[in-house]
Amino acid sequence: MLKNNFQLSSKMKISVDPQKLESFSQNHVKFYLKYSSFVFKALKKPSFQKFLRWMLKEEKIKEQKVRAVQVKVLPFRQKNGNGVAGKCNTARGRIRIYPKTIKFCQIFKQKFGLNNLLAYAGNRARAALIHELLHLKYAKDEKTVRELAKEYFCIFTQKQYTQSARSLFIYTMIFNTKTSGKKNPSNDSNAPRTKLKLNETCLRASSFFK
Ligand SMILES: [Zn+2]
């Protein structure tokens, strides 16, 4: 079955830099290993894989262009201290997906509970993979990638959970936390407007899904 070799899911693996592990405590390593295997499963879910194939087709991105998708065990921070969700080496076709830090997860869990944390972690990784796959086509056009990533993520979640309160919450967490780092003047996260925005996006998205 030659066709299977081109499937995205067969190019995915969990990856860790052994020398970096030494700077983490045993408990933290345990946490990040658990996190990465959870995310790995979330990304490999047949419904999501099916969606990605459709998205790649829609965008005319050849599956062969994706050489490797690495689910990194340890988080990555930029020099400015901001965490990174994903990276794409467009020349090599290599995508990396990074976790949130243990500290973030602990606070999140305290505030919103374990189920929401799991939903958030899985969907954040899905959104990151969608985003990085789009970079294979749009390269450095960050604005287009961000807009399209939102729309595609929306299509996927809409198909999965309909418009539930949780999916709205997760969407807001993933896409609003990203922009809030940029000292946005409209930073007061007022829920009704976010909801309106989401509905607009989903409406637009669902019309081109047909
Ligand atoms: Zn990007």
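As the structure lists them, so they are numbered: ligands from 1, and atoms in each ligand from 1.
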Practice item. Would you please say whether a donor-acceptor pair under 3.5 Å links the side chains of Glu58 and Tyr152? Key: no
Check your understanding: With no hydrogens and no angle check, do the side chains of Lys44 and Ser9 hold a donor and an acceptor under 3.5 Å apart?
Key -> no
Check your understanding: When you check the gap from the basic side-chain N to the acidic O, do Glu63 and Arg53 get nearer than 4.0 Å?
Key -> yes
Check your understanding: How many protein atoms of type N/O/S are positioned less than 2.8 Å from the Zn ion (ligand 1)?
Key -> 4
Check your understanding: Taking atom CZ of Arg124 and atom CD1 of Ile174, what is their separation to the nearest 0.5 Å?
Key ->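 Arg124 CZ to Ile174 CD1: 8.5 Å, rounded to 0.5 Å.
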Review point. How many angstroms lie between CG in Leu8 and NZ in Lys50, if you round to the nearest 0.5 Å?
Key: 15.5 Å
**Study point:** Non-neighbouring partners of Lys140 that pass salt bridge (charged side-chain N to carboxylate O under 4.0 Å, His left out), sequence neighbours left out
**Key:**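 Testing Lys140 for salt bridge (charged side-chain N to carboxylate O under 4.0 Å, His left out), a comparison that skips the adjacent residues, returns none.
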